[in-house]
*Asks:* 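Got a structure here, written out as structure tokens. Questions coming.
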Amino acid sequence: MSVLIFAELDEGKIKKSAQEAIFYGAKVAQMMGTSATAIIIGSADNTELASAGNFGATKVLHAADAKLNEPNGMAYATVVAAAAQQENSKVVVLAKSSLGDAMTARLAGKLKAGLAANVVDLPDLSNGFRVKSSIYTGKAFAYNELKADVKILAIKKNTITPEASDAAAIVEPFTPTLNDADFAISVKSTEKSSGDILLPEADLVVSAGRGLKGPENWGIVEDLAKALHAATACSKPVSDLDWRPHSEHVGQTGLKISPNLYIACGISGAIQHLAGVNSSKVIVVINKDADAPFFKSADYGIVGDVFDVLPRLTKAVNAL
Amino acid sequence: MKILVCVTSVPDTTTKIAFTDNNTKLNKAGVTFITGPYDDYALARAVELKEKTGASVTVLNVGEADSEPVLRKCLAIGADDAIRINAEPTDAYFVAEQIAAIAKQNQYDLILMGRESIDFNGGQVHGIVGEMLNTPSISPVMLLDIDGETAKITREIEGGKESLEAKLPLVLGCQEPIAEWKIPNMRGIMTARTKPLNVVEPSGTDKLTTVASYELPAPRGAVKMIPADEAEKLIQLLHSEAKVI
Ligand SMILES: Cc1cc2nc3c(=O)[nH]c(=O)nc-3n(C[C@H](O)[C@H](O)[C@H](O)COP(=O)(O)OP(=O)(O)OC[C@H]3O[C@@H](n4cnc5c(N)ncnc54)[C@H](O)[C@@H]3O)c2cc1C
Ligand SMILES: Nc1ncnc2c1ncn2[C@@H]1O[C@H](COP(=O)(O)O)[C@@H](O)[C@H]1O
């Protein structure tokens with residue numbers, strides 16, 4: 001009856017968002033008086049697998065079939081569904097991510113599960129199963145009543161802050177039957193900016209808009225991001241103009257992020273932009289126009305010219 | 001080729017969300033409802049494929065009568081006919097079941113949806129429909145070309161993109177820049193009036209989830225302004241006051 005957590009790997013390491021998911025799942029297991037099992041798919045060494053225990057999983061099911069080395073939402077969903085059946089899991093937890101999104105829905109279909117996406121808090125089990133989620137692109141929350149026998153929770157970043165112990169999980173190999181149909185999509189090529197901090201995973205984000213005037217000026221944004229170990233993001237016009245890649249664009253039609261710190265440079269703060277970033281813990285706005293709407297949604301603000309302010313901030317960070 | 005486009009009727013992106021009835025209902029007073037922005041991309045690509053290959057385009061919405069203006073607008077943009085499943089669309093599984101039932105009757109080659117609805121933002125309906133139909137689902141799709149029986153697709157992934165190929169039929173969740181949003185012209189608006197809009201009663205399961213109540217986020221505290229000539233102070237505050245760096 002354990003709570004099952006899908007823990008996503010990135011190059012053989014458990015992703016940070018997956019650590020949050022494990023910690024979250026272990027808390028839910030505790031509330032339900034049961035244990036937490038993590039399912040990990042793809043190749044990773046034993047120490048890494050066992051480290052799921054640091055975040056509260058007592059057991060790890062490891063599906064290492066070579067066919068699963070490339071992330072594949074459909075096949076991974078089949079594996080997780082099989083694990084849920086084996087463990088008789090009534091609650092399945094995943095972190096929101098590109099892969100997680102692809103799996104969640106397929107899983108819900110397979111398990112006929114009650115599904116809450118964008119979960120932002122632990123469930124309330126005092127009367128049924130109720131869980132809070134973010135809706136209307138961060139403009140509101142819903143308290144969802146999950147009535148199905150099996151429940152799936154897709155949690156947003158920063159829903160919970162994991163505390164690591166030094167406990168190790170027991171690792172068991174898991175070899176479910178795979179469906180050929182799950183391999184019907186063939187990946188021809190992948191383009192990925194490597195080495196950078198993944199935006200959806202980032203704790204700190206430096207973002208810039210049209211106020212930067214052109215792609216040639218992004219150096220000052222990248223310098224500040226590098227000093228902070230932050231990811232970079234941008235507004236929609238910036239990606240529409242091809243100044244920055246589309247995968248960096250945040251807002252209503254882009255990524256929705258919830259980092260600890262979001263620094264907006266030369267972004268006016270249109271409601272569609274705010275929709276993607278308003279659940280950030282701390283928001284800093286730097287804009288030369290004191291009337292820019294973004295200041296109304298900020299925690300800290302500087303009325304000033306980004307070309308002057310950003311290099312000074314970078315210097316100050318390096319001096320910390 | 002037969003294409004089904006699934007569309008939502010959602011509050012305009014500039015809407016200030018508010019609730020009534022003890023926070024159990026969206027306050028619709030003064031709210032303009034639009035086609036989901038991502039659904040608009042799906043529709044625009046479907047209409048392009050229609051113009052290029054002579055495909056038929058059906059639009060579908062699971063919703064109550066007040067979503068018909070959105071369906072009419074889709075007809076004006078170029079869809080051939082519309083279906084409305086008469087039910088409140090509050091649970092992704094339930095909505096998917098309705099869409100899958102129609103798809104099983106009509107055998108579409110492509111089911112195009114938005115990457116996510118902008119009300120409940122689950123980004124889930126396409127995957128559940130795919131599962132119900134035993135058909136691959138892919139999202140978010142940025143480029144789509146059809147070459148005979150094969151779809152060539154570019155999909156966004158974290159920090160980049162991926163080129164894919166798969167055989168039809170497929171269920172896809174779409175986003176920019178798959179096509180440019182289309183605006184209906186006068187002729188489209190006129191012909192839309194006579195295109196069929198069929199209302200069908202829902203079938204299938206009870207809802208697996210319901211919303212007990214809604215809540216608005218707590219307002220942010222007052223903004224603390226730092227003079228530009230003391231910009232360095234910001235870093236100190238983020239470090240020692242906000243403790244985020
Ligand atoms: C359906 C829909 C969906 C949308 N989705 C999104 C979305 O997902 N994400 C998104 O970002 N937008 C989205 N938009 C667009 C949104 O409405 C705004 O147009 C956009 O966010 C503006 O981007 P910006 O702030 O970079 O540019 P602008 O609005 O042009 O603002 C530039 C800002 O930079 C400031 N500035 C200029 N020079 C300097 C300087 N030297 N130093 C400091 N400040 C300076 C200016 O004062 C101004 O405030 C959407 C719109 C629609 C209709
Ligand atoms: N009520 C609905 N009627 C028709 N299509 C829908 C409905 N709800 C969601 N969809 C489709 O599914 C996509 C993803 O929605 P969601 O899973 O709610 O984020 C949307 O962009 C639509 O294309």
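Convention: sequence-line order gives letters A, B, ...; per-chain numbering from 1. Heavy atoms only: backbone and side chains are in, while hydrogens, waters and symmetry mates are out.
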*Asks:* Among S189(A), A316(A), A140(A), which residue forms the greatest number of heavy-atom pairs with chain B at distances under 4.5 Å?
*Replies:*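 Highest number of heavy-atom pairs under 4.5 Å: S189(A).
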*Asks:* So does R220(B) pair up with D299(A), basic N to acidic O under 4.0 Å?
*Replies:*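 Salt bridge present between R220(B) and D299(A).
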*Asks:* Just checking, any donor-acceptor pair under 3.5 angstrom between side chains of Y38(B) and Q252(A)?
*Replies:*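 No, no side-chain donor-acceptor pair sits under 3.5 Å.
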*Asks:* Are E156(B) and S98(A) close enough that some pair of their side-chain heavy atoms sits under 4.5 Å apart?
*Replies:*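 The answer is no, as the side chains (C-beta and beyond) never meet within the 4.5 Å cut-off.
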*Asks:* Is the number of heavy atoms from other residues, nucleotides or ligands within 6.0 Å of CD (E70(A)) greater than 12?
*Replies:*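 Counting other residues, nucleotides and ligands, CD of E70(A) stays at 12 neighbours or fewer.
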*Asks:* Looking only at atom types and distance, does a side-chain atom of R312(A) sit under 3.5 Å from a main-chain N or O of D229(B), one as donor and one as acceptor?
*Replies:*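 Yes.
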*Asks:* For K147(A), is there any backbone N or O sitting under 3.5 Å from a side-chain donor or acceptor partner on K207(B)?
*Replies:*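 Looks like no, no N/O pair under 3.5 Å.
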*Asks:* What residue in V129(B), I153(B), L164(B) has the most heavy-atom pairs under 4.5 Å with chain A?
*Replies:*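 Most pairs with chain A among the choices: L164(B).
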*Asks:* Counting only heavy atoms closer than 4.5 Å, note whether S97(A) contacts chain B via side chain, backbone, both or neither.
*Replies:*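 Contact with chain B involves both backbone and side-chain atoms of S97(A).
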*Asks:* Could you check whether any side-chain heavy atom of H246(A) comes within less than 4.5 Å of a side-chain heavy atom of Q175(B), counting everything from C-beta outward?
*Replies:*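 SC-SC contact between H246(A) and Q175(B) confirmed.
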*Asks:* Atom OH in Y143(A), atom CG in N23(B): separation rounded to 0.5 Å?
*Replies:*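 If I round to the nearest 0.5 Å, the distance is 10.0 Å.
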*Asks:* Does E11(A) CD have over 12 foreign heavy atoms under 6.0 Å away?
*Replies:*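 Check fails, neighbour count at 12 or below.
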*Asks:* Let me confirm one number: the OG-OH distance from S117(B) to Y136(A), rounded to the nearest 0.5 Å.
*Replies:*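 Interatomic distance, S117(B) OG to Y136(A) OH, rounded to 0.5 Å: 9.5 Å.
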*Asks:* With a 6.0 Å cut-off (strictly less than), is the heavy-atom count around CG of D21(B), excluding the residue itself, greater than 12?
*Replies:*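 Enclosed.
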*Asks:* Specify the closest pair of heavy atoms between T135(B) and R106(A), including all atoms of both residues, with the distance to one decimal.
*Replies:*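 Scanning both residues, the minimum pair turns out to be O-NH1, 2.7 Å.
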*Asks:* Using a cut-off of under 4.5 Å for heavy-atom pairs, which of N118(A), T190(A), I185(A) has the most such pairs with chain B?
*Replies:*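 Ranked by heavy-atom pairs under 4.5 Å with chain B, first place is I185(A).
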*Asks:* Checking L320(A) against chain B: side chain, backbone, both or neither under 4.5 Å from a heavy atom?
*Replies:*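 For L320(A), the side chain is the part near chain B, not the backbone.
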*Asks:* By a 4.5 Å heavy-atom criterion (distance strictly below it), what part of K288(A) contacts chain B: side chain, backbone, both, or neither?
*Replies:*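 Neither part.
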*Asks:* Measure distances from P11(B) to the heavy atoms of chain A and classify the residue's part below 4.5 Å as side chain, backbone, both or neither.
*Replies:*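 Looking at P11(B), just its side chain touches chain A.
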*Asks:* Looking only at heavy atoms and a cut-off of under 4.5 Å, which of N260(A), V309(A), L313(A), D182(A) has the most pairs with chain B?
*Replies:*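 When all of N260(A), V309(A), L313(A), D182(A) are compared, L313(A) has the most.
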*Asks:* Is it true that atom CD of E215(B) has more than 12 heavy atoms of other residues, nucleotides or ligands lying nearer than 6.0 Å?
*Replies:*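 Above 12, so yes.
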*Asks:* How close do L204(A) and V244(B) get, heavy atom to heavy atom, and via which atoms?
*Replies:*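 Result for this residue pair: CD2-O, 3.4 Å.
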*Asks:* Of the non-hydrogen atoms in T253(A) and P37(B), which two are nearest, and what is the gap between them?
*Replies:*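 Looking at all heavy atoms of both residues, the shortest contact is CG2-CB, 4.4 Å.
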*Asks:* Between T13(B) and Q272(A), do the side chains contain a donor N or O and an acceptor N or O under 3.5 Å apart?
*Replies:*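 Looking only at side-chain atoms, T13(B) and Q272(A) do form a donor-acceptor pair, the distance falling under 3.5 Å.
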*Asks:* Where on S139(B) is there a heavy atom nearer than 4.5 Å to chain A: the side chain, the backbone, both, or neither?
*Replies:*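 Answer is neither: S139(B) stays 4.5 Å or more from chain A.
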*Asks:* Among I286(A), D101(A), V303(A), L274(A), single out the residue with the greatest number of heavy-atom pairs under 4.5 Å to chain B.
*Replies:*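 Greatest number of close heavy-atom pairs with chain B: V303(A).
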*Asks:* Evaluate L261(A) against L238(B) for side-chain contact (heavy atoms from CB on, under 4.5 Å), listing each step before the verdict.
*Replies:* CA-CA 9 Å; L261(A) 174 63; L238(B) 292 176; 3.9 Å; yes
*Asks:* Sort A242(B) into side chain, backbone, both or neither according to what part of it lies under 4.5 angstrom from a heavy atom of chain A.
*Replies:*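 Both backbone and side chain of A242(B) come within 4.5 Å of chain A.
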*Asks:* State, yes or no, whether a side-chain contact exists between D240(A) and E176(B) at a heavy-atom distance under 4.5 Å.
*Replies:*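 Side-chain contact under 4.5 Å: yes.
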*Asks:* Taking NZ, NE, NH1 and NH2 as the nitrogens, is one of them in K188(A) or E162(B) under 4.0 Å from a carboxylate oxygen of the other?
*Replies:*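 Result for this pair is no, no salt bridge flagged.
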*Asks:* Give the intermediate values and the outcome of side-chain contact (heavy atoms from CB on, under 4.5 Å) for residues I226(B) and Y300(A).
*Replies:* CA-CA 7 Å; I226(B) 296 131; Y300(A) 297 96; 4.0 Å; yes
*Asks:* With a 4.5 angstrom heavy-atom cut-off, is it the side chain or the backbone of V284(A) that approaches chain B, or both, or neither?
*Replies:*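 V284(A) touches chain B through side-chain heavy atoms alone.
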*Asks:* Does any heavy atom of chain A fall under 4.5 Å from the side chain of A222(B), the backbone, both, or neither of them?
*Replies:*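 Looking at A222(B), just its backbone touches chain A.
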*Asks:* What heavy-atom pair brings G160(B) and S247(A) nearest, and what distance separates the two atoms?
*Replies:*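 The pair with the smallest heavy-atom distance is N-OG, 3.7 Å.
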*Asks:* Measuring heavy-atom distances to chain A, does Y93(B) have an atom under 4.5 Å in its side chain, in its backbone, in both, or in neither?
*Replies:*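 For Y93(B), side-chain heavy atoms alone lie under 4.5 Å from chain A.
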*Asks:* Do E232(B) and K315(A) have side chains that get closer than 4.5 Å, going by heavy atoms?
*Replies:*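 A side-chain contact is absent here, since even the closest heavy-atom pair is not under 4.5 Å.
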*Asks:* Quick check: are there more than 12 heavy atoms from other residues, nucleotides or ligands sitting under 6.0 Å from CG of D66(B)?
*Replies:*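 Enclosed: over 12 neighbouring heavy atoms sit under 6.0 Å from CG of D66(B).
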*Asks:* Got a donor-acceptor contact below 3.5 angstrom from the Q124(B) side chain to the A105(A) backbone?
*Replies:*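 Here the side-chain-to-backbone pair exists.
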*Asks:* For A113(A), is it the side chain, the backbone, both, or neither that has a heavy atom closer than 4.5 Å to a heavy atom of chain B?
*Replies:*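 Contact with chain B: backbone only.
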*Asks:* Is any side-chain heavy atom of L146(A) closer than 4.5 Å to one of L208(B)?
*Replies:*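 L208(B) vs L146(A): side chains apart.
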*Asks:* If we only count heavy atoms from C-beta on, is the N144(A) to T210(B) side-chain gap below 4.5 Å?
*Replies:*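 N144(A) does not reach T210(B) side chain to side chain.
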*Asks:* What is the minimum heavy-atom distance between A184(A) and P136(B), and which atoms define it?
*Replies:*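 Smallest interatomic distance, heavy atoms only, reads CB-CG, 4.0 Å.
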*Asks:* Before you tell me yes or no, could you show the steps for M132(B) and K110(A) under side-chain contact (heavy atoms from CB on, under 4.5 Å), namely the whole-Å CA-CA distance, both residues' side-chain angles and the distance that decides it to 0.1 Å?
*Replies:* CA-CA 8 Å; M132(B) 286 172 172; K110(A) 285 180 203 292; over 6 Å; no
*Asks:* Taking the side chain as C-beta and beyond, is there a heavy-atom pair between I302(A) and M225(B) under 4.5 Å?
*Replies:*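 No - every pair of side-chain heavy atoms lies 4.5 Å or more apart.
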*Asks:* At a 4.5 Å cut-off on heavy atoms, which part of P245(A) comes close to chain B: side chain, backbone, both, or neither?
*Replies:*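 Neither; nothing under 4.5 Å.
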*Asks:* Does any heavy atom of chain B fall under 4.5 Å from the side chain of K296(A), the backbone, both, or neither of them?
*Replies:*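 Interface part for K296(A): neither.
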*Asks:* Sort out for me which of S134(A), S186(A), G109(A) touches chain B most, counting heavy-atom pairs under 4.5 Å.
*Replies:*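 Ranked by contacts with chain B, first place is S186(A).
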*Asks:* Just how far is it from atom NZ of K139(A) to atom CG of D119(B), taken to the nearest 0.5 Å?
*Replies:*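 So the gap between those two atoms works out to 11.0 Å.
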*Asks:* Among L198(A), L99(A), L199(A), whose side-chain contact (heavy atoms from CB on, under 4.5 Å) with E158(B) holds?
*Replies:*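 Result for side-chain contact (heavy atoms from CB on, under 4.5 Å) with E158(B): L198(A).
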*Asks:* Is there side-chain contact between L115(A) and I128(B), with at least one heavy-atom pair below 4.5 Å?
*Replies:*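 In short, these two side chains touch, coming nearer than 4.5 Å.
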*Asks:* Does any backbone or side-chain atom of L26(B) lie under 4.5 Å from a heavy atom of chain A? Answer side chain, backbone, both or neither.
*Replies:*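 Answer is side chain: those atoms of L26(B) sit under 4.5 Å from chain A.
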*Asks:* Quick one: of G304(A), A117(A), G73(A), A142(A), who has the most non-hydrogen atom pairs under 4.5 Å with chain B?
*Replies:*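 The option with the most such pairs is A142(A).
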*Asks:* Do other residues, nucleotides or ligands put more than 12 heavy atoms under 6.0 Å from the CD1 atom of I183(B)?
*Replies:*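 Atom CD1 in I183(B) is not crowded, with 12 or fewer foreign heavy atoms closer than 6.0 Å.
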*Asks:* Ion pair present between K256(A) and E116(B), side-chain N to carboxylate O less than 4.0 angstrom?
*Replies:*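 Salt bridge between K256(A) and E116(B), a charged N being under 4.0 Å from a carboxylate O: yes.
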*Asks:* Of all heavy-atom pairs between P217(B) and G138(A), which one has the smallest distance, and what is that distance?
*Replies:*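 In this case the closest contact between P217(B) and G138(A) is CG-O, 4.0 Å.
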*Asks:* Step by step, would you call Y214(B) with I135(A) a side-chain contact (heavy atoms from CB on, under 4.5 Å)?
*Replies:* CA-CA 9 Å; Y214(B) 297 101; I135(A) 56 167; 3.5 Å; yes
*Asks:* Would the distance check show the side chain of R130(A) and the main-chain N or O of V211(B) forming a donor-acceptor pair, the cut-off being under 3.5 Å?
*Replies:*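 Side chain of R130(A) to backbone of V211(B), a donor-acceptor pair under 3.5 Å: no, none is there.
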